[in-house]
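For reference, the structure discussed in these notes is given below.
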Amino acid sequence: MTEDHKPHRKPFCAPLGRRIAGPFLGALSLLLLAFAVAPAMAGQWQICELGVKVRDKQTSSRQLQTRVVSTQARGDAECPQPGAALSFRPETPDYQAEVPRRQWPKPGQTVKVRYRYLDGECKDRGPCRIQHYSLLPAAADAR
């Protein structure tokens, strides 16, 4: 083949913007991906052991209405003070299910409750507190 019969090739003449933008966009994409998969900073669950007395007059069948009798904080948890009124739907000790209504403590009964909360940011609402109230078995009263 002679020089006259070689296929014509265009020299590398991509615009300067394309040569710079490609690597820049690639680096930017990697940076954004790194931030997206970075581990989220989770808060710590705060725990309070509460002694609560079920109020004699229940004005709601949806929540158990109680008054705090005693409180014991773990760490620097913010616990309800004795005398404070609490209304909640009791959960099982493993927090996996709500306690059926027929198994709720009776009015006048004093029971142990583990109150857990986690402060954080809720989507579309800003700062919020996730709360759980679990009834502790009678054996836990001996602790």
Side-chain angles (χ1 to χ4, degrees), residues 1 5-143:
M1 242 189 216
H5 294 96
K6 283 189 178 177
H8 180 67
R9 288 190 177 175
K10 289 184 180 179
F12 180 70
C13 60
L16 181 62
R18 255 197 232 158
R19 282 189 274 166
I20 293 174
F24 176 73
L25 289 177
L28 182 62
S29 297
L30 284 175
L31 185 64
L32 290 175
L33 183 63
F35 280 115
V37 297
M41 297 302 288
Q44 294 290 324
W45 284 99
Q46 301 297 323
I47 302 173
C48 300
E49 303 285 338
L50 305 176
V52 297
K53 183 174 183 177
V54 180
R55 292 177 35 195
D56 289 329
K57 187 169 186 172
Q58 296 287 312
T59 58
S60 171
S61 62
R62 294 177 181 245
Q63 293 189 322
L64 184 64
Q65 296 172 334
T66 65
R67 190 151 310 271
V68 177
V69 177
S70 64
T71 184
Q72 182 180 1
R74 288 193 189 170
D76 57 351
E78 299 169 7
C79 299
Q81 296 300 309
L86 293 178
S87 295
F88 56 90
R89 295 188 60 86
E91 299 175 6
T92 57
D94 63 0
Y95 305 99
Q96 298 301 309
E98 288 184 359
V99 174
R101 176 81 170 89
R102 66 183 176 280
Q103 294 177 8
W104 286 9
K106 305 295 181 231
Q109 190 175 356
T110 301
V111 294
K112 292 286 185 183
V113 173
R114 179 169 292 137
Y115 167 58
R116 296 179 81 173
Y117 68 89
L118 179 65
D119 290 329
E121 292 289 322
C122 291
K123 186 177 181 181
D124 300 328
R125 291 189 291 163
C128 65
R129 177 173 280 185
I130 300 168
Q131 301 177 359
H132 291 281
Y133 297 87
S134 67
L135 292 176
L136 297 177
D141 292 345
R143 276 197 240 168

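In this text, all values refer to a predicted model and were calculated from it rather than measured experimentally.
For residues 65-86, no residue pair satisfies the ring pair (Phe, Tyr, Trp, His ring centres under 6.0 Å) rule, not counting sequence neighbours. Residue pairs meeting the salt bridge (charged side-chain N to carboxylate O under 4.0 Å, His left out) criterion with at least one partner in residues 95-106, sequence neighbours excluded, are Arg89-Glu98. Applying the ring pair (Phe, Tyr, Trp, His ring centres under 6.0 Å) test to pairs two or more places apart or on separate chains, none has a residue in residues 50-82. Within the structure, the salt bridge (charged side-chain N to carboxylate O under 4.0 Å, His left out) test picks out no pair touching residues 51-64 (sequence neighbours left out). The disulfide (SG to SG under 2.5 Å) analysis of residues 101-130, with sequence neighbours excluded, yields the pairs Cys122-Cys128. Residue pairs meeting the disulfide (SG to SG under 2.5 Å) criterion with at least one member in residues 51-91, sequence neighbours excluded, are Cys48-Cys79. Residue pairs satisfying the salt bridge (charged side-chain N to carboxylate O under 4.0 Å, His left out) criterion with at least one member in residues 121-133, sequence neighbours excluded, are listed as follows: Glu78-Arg129, Asp119-Arg129.
Counting heavy atoms from C-beta outward, Leu136 and Val111 have side chains that stay 4.5 Å or more apart. Between Tyr95 and Arg116 there is a side-chain heavy-atom pair separated by less than 4.5 Å.
Shortest non-hydrogen contact noted between Ser134 and Thr92 is CB-O, 3.2 Å. When all heavy atoms of Pro107 and Val54 are compared, the pair lying nearest together is CA-CG1, 3.8 Å. When all heavy atoms of Ala77 and Ala73 are compared, the pair lying nearest together is O-CB, 3.9 Å.
Salt bridge present: Glu49 and Arg74 bring a charged side-chain N and a carboxylate O closer than 4.0 Å.
Atoms CD and CG, from Gln44 and Leu118 in turn, are 8.5 Å apart once rounded to the nearest 0.5 Å. Atom CD1 in Ile130 sits 5.5 Å away from atom CH2 in Trp45 (nearest 0.5 Å). For the atom pair CZ of Arg114 and CD of Gln72, the computed distance is 10.5 Å after rounding to the nearest 0.5 Å.
Partners of Thr59 by side chain to side chain donor-acceptor pair (under 3.5 Å), not counting sequence neighbours, listed by chain and number: Gln65. The side chain to side chain donor-acceptor pair (under 3.5 Å) search around Asp76 returns none, not counting sequence neighbours. Under the rule for a ring pair (Phe, Tyr, Trp, His ring centres under 6.0 Å), the partners of Tyr115 that lie at least two apart in sequence or sit in another chain are Tyr117, Tyr133. Listed by chain and residue number, nothing satisfies the side chain to side chain donor-acceptor pair (under 3.5 Å) test with Gln109 (two or more places apart in sequence, or in another chain). Under the side chain to side chain donor-acceptor pair (under 3.5 Å) criterion, Ser87 pairs with no residue at all, not counting sequence neighbours.
The side chain to side chain contact (heavy atoms under 4.5 Å, CB included) test with Leu86 is passed by exactly one of Val113, Leu50, Leu64: Leu50.
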